[in-house]
Number of protein chains: 2
Amino acid sequence: MAQIGTDEVETKPSRIQLRNRRKILDAALEVFSAHGFRGATLDQIARAAGLSKPNILYYFAGKEEIHVTLLTALMDTWLAPMREIDPDGEPLEELLRYVKRKLEMSRAYPRESRLFANEILQGAPMIGEGLKADLKPLVDRTAQLIERWASEGRLKPVDGRHLIFSIWATTQHYADFDAQVQVLMSGRDVHGDAVSFLDTLYRRMLAV
Amino acid sequence: MAQIGTDEVETKPSRIQLRNRRKILDAALEVFSAHGFRGATLDQIARAAGLSKPNILYYFAGKEEIHVTLLTALMDTWLAPMREIDPDGEPLEELLRYVKRKLEMSRAYPRESRLFANEILQGAPMIGEGLKADLKPLVDRTAQLIERWASEGRLKPVDGRHLIFSIWATTQHYADFDAQVQVLMSGRDVHGDAVSFLDTLYRRMLAV
DNA sequence: CACCTTTTTTACCAAATGGTAAAAGTACGA
DNA sequence: TCGTACTTTTACCATTTGGTAAAAAAGGTG
């Protein structure tokens with residue numbers, strides 16, 4: 001039995017299990033991020049993973065479990081850049097580096113960004129609790145840090161939380177609204193220009 | 001016959017037709033914006049509209065037609081603020097007013113914002129052409145105007161298109177990611193603070 | 001190789017869902 | 001008020017979809 005229930009002794013997953021679970025999650029990321037949770041079907045995921053539908057359900061208890069697994073794993077990766085803001089670093093540099101890394105993640109992992117955007121758009125039905133437990137403390141702490149920096153005169157005065165929102169919004173926009181961006185930027189070097197635009201935006205906003 | 005086919009003579013819609021079409025579109029906006037196109041069902045829409053499912057299909061040819069009708073009607077409203085930027089006005093004032101109006105629309109019409117976000121996230125399958133036809137010319141023109149203002153020294157140098165993206169992203173964020181914003185801003189006056197934050201952000205970005 | 005466990009396939013199913021046909025009911029002008 | 005056109009309901013239907021049972025196949029180990 002591969003599935004791990006609440007009462008069962010957790011045994012090491014075999015090589016086959018690791019390989020197939022990874023294939024399923026990768027396929028599911030592709031399908032969920034393109035069509036949303038309700039728009040995605042197990043058949044699509046199965047086809048993308050190169051497995052049969054019942055075989056998928058041998059590894060995961062159901063469609064929702066696949067989605068939740070993806071989201072919780074994603075949460076960590078997604079928050080990593082914010083965790084790496086150094087309270088002892090130079091404030092402006094730290095924040096501009098954060099912006100750059102978020103933008104780079106948007107470019108490198110657009111599927112993950114869209115998966116997350118879809119979930120939040122629907123009201124975060126599956127990770128609402130995760131937001132409260134993981135995201136909120138980190139944001140509270142970072143917002144406080146930013147405002148302390150500002151009060152020490154090392155940044156212009158700024159609302160920490162809204163600054164964070166604006167950084168998320170402007171960086172993720174390039175992944176989440178890519179269909180629109182592509183129409184409006186046909187042929188241009190979107191990413192390169194975005195890097196320097198956002199650097200300018202937040203430099204003018206924050207530099208004392 | 002209420003449905004208007006390509007070959008039919010267009011006759012004036014009766015009072016009943018107007019009332020019911022409006023009820024259906026309002027219900028559909030509610031349901032589509034909350035669950036996305038695929039996540040919404042005709043039964044949900046029918047229930048929200050207080051009509052039976054076949055009755056809905058008497059007024060609209062199908063689920064997709066309802067969605068397309070909503071999106072095309074929305075497009076106009078959505079672009080109105082950008083159309084109202086006055087080329088002969090004071091540049092900074094015009095742009096700050098645009099930001100304010102976009103933010104106000106996010107607050108007053110979150111369902112519309114989410115409907116749009118959902119569609120773009122899925123790759124704009126239904127209004128891709130509308131984007132090219134309506135949105136692109138307007139954005140091209142506005143971006144040019146902004147860059148002319150900048151070259152005349154009335155704004156700091158700025159990439160017009162990326163400025164527009166950032167305005168869209170930061171303002172719509174409050175509607176589209178409301179579930180997240182609520183978790184992180186429990187109890188605060190989100191809108192009021194957002195207004196002054198964005199005013200500051202774009203003032204520092206653009207004021208010469 | 002023989003045996004037991006893990007993995008995969010085949011054949012299903014029940015519910016949900018978009019949609020239709022046609023009868024019944026309603027509004028309204030002549 | 002009669003007749004016609006418009007509107008609504010009832011009773012369906014075909015497909016899709018998430019999920020299951022159980023047999024078959026494949027792995028691995030003594």
Side-chain angles (χ1 to χ4, degrees), chain A residues 1-5 8-25 27-32 34-71 118 122 125-126, chain B residues 1-5 7-25 27-28 30-32 34-70 122 125-126:
Chain A
M1 204 185 292
Q3 285 144 49
I4 294 159
E8 282 166 49
V9 179
E10 213 164 309
T11 172
K12 266 178 190 159
S14 71
R15 225 164 295 142
I16 296 178
Q17 279 187 45
L18 281 175
R19 177 170 50 85
N20 282 347
R21 281 182 69 100
R22 200 149 4 104
K23 281 206 293 186
I24 292 167
L25 288 175
L29 174 60
E30 186 70 29
V31 176
F32 280 136
H35 306 288
F37 179 72
R38 298 269 327 247
T41 71
L42 283 176
D43 284 293
Q44 285 175 299
I45 296 172
R47 208 176 321 125
L51 299 171
S52 69
K53 184 169 65 174
N55 205 176
I56 299 267
L57 292 165
Y58 173 72
Y59 290 103
F60 290 90
K63 186 182 174 184
E64 188 165 323
E65 195 184 283
I66 304 176
H67 198 236
V68 171
T69 303
L70 277 175
L71 284 171
N118 256 308
Q122 312 307 319
M126 300 188 197
Chain B
M1 201 185 294
Q3 285 145 52
I4 294 159
D7 289 348
E8 283 167 47
V9 178
E10 212 162 310
T11 173
K12 263 179 193 163
S14 72
R15 229 166 295 137
I16 297 178
Q17 278 186 46
L18 279 175
R19 178 171 49 85
N20 282 346
R21 281 183 68 101
R22 199 151 4 105
K23 281 207 292 186
I24 291 167
L25 289 174
E30 186 70 29
V31 176
F32 280 137
H35 306 288
F37 179 72
R38 299 270 327 249
T41 72
L42 283 176
D43 284 293
Q44 285 176 300
I45 296 171
R47 209 176 320 127
L51 299 171
S52 68
K53 186 168 63 173
N55 206 176
I56 300 268
L57 293 165
Y58 173 72
Y59 290 102
F60 290 91
K63 186 182 173 184
E64 187 165 324
E65 195 184 283
I66 303 176
H67 198 237
V68 170
T69 303
L70 278 176
Q122 312 308 318
M126 300 188 197

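In what follows, chains carry the letters A, B, and so on, assigned in the order in which the sequence lines appear, proteins first and then strands, with residues in each chain numbered from 1.
Between the P atom of C/dA16 and the NE2 atom of B/H35 lies a distance of 15 Å, rounded to the nearest Å. One interatomic measurement links the two molecules: CD1 of A/I56 to P of C/dT9, which rounds to 11 Å at whole-angstrom precision. The nearest whole Å value for the distance from the CD1 atom in A/I24 to the P atom in C/dT7 is 11 Å. If you take CZ of B/R19 and P of D/dT7, they are 10 Å apart, rounded to a whole angstrom. Rounded to an integer number of Å, the gap from A/Y59 OH to D/dG18 P is 20 Å. Rounded to whole angstrom, the span from the CZ atom of A/F37 across to the C1' atom of D/dG18 amounts to 10 Å. What separates NZ of A/K63 from P of D/dG18 is a distance of 4 Å, to the nearest Å.
Residue A/N20 has no polar side-chain atom (N or O) positioned under 4.0 Å from OP1 or OP2 of C/dT6. A sub-4.0 Å separation between OP1 or OP2 of C/dT6 and a side-chain N or O of A/Q17 is absent. Side-chain nitrogen and oxygen atoms of A/N55 include none within less than 4.0 Å of the OP1 or OP2 phosphate oxygen of C/dT10. When the side-chain nitrogen and oxygen atoms of A/S52 are compared with OP1 and OP2 of C/dT9, one or more of them lie within a distance under 4.0 Å. B/Y58 has no side-chain polar atom (N or O) that falls below the 4.0 Å cut-off from OP1 or OP2 of D/dT9.
For the segment residues 38-47 of chain B, residues with any heavy atom less than 4.0 angstrom from an atom of DNA chain D are, sorted by number, B/R38.
The shortest side-chain heavy-atom distance between A/R38 and B/H35 does not fall under the 4.5 Å cut-off.
When all heavy atoms of B/V31 and B/A48 are compared, the closest pair comes out as CG2-CB, 4.4 Å. The minimum heavy-atom distance linking A/F32 with A/N118 is given by the pair O-ND2, 4.0 Å. When all heavy atoms of A/L70 and A/L25 are compared, the pair lying nearest together is CD2-O, 3.6 Å. Across A/S52 and A/A46, no two heavy atoms sit closer than the pair C-CB, 3.9 Å. Across all non-hydrogen atoms, the minimal contact from B/I56 to B/A49 is CD1-CB, 4.4 Å. Shown here for A/Y59 and A/R21, the closest heavy-atom pair between the two residues is O-NH1, 3.2 Å.
Counting atom types as modelled, B/K53 pairs a side-chain N or O with a base atom of C/dG18 as donor and acceptor under 3.5 Å.
Nearest nucleotide to the side chain of A/L57, out of D/dG19, C/dT7, C/dG19: D/dG19.
Panel note: side chain B/E65, backbone B/G62; no donor-acceptor pair is recorded below 3.5 Å.
Residues satisfying the salt bridge (Lys or Arg N to Asp or Glu O under 4.0 Å) criterion with A/K53, sequence neighbours excluded, are A/D43.
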Any N/O pairs under 3.5 Å between the protein and nucleotides 21-28 of chain C? List them or say none.
none

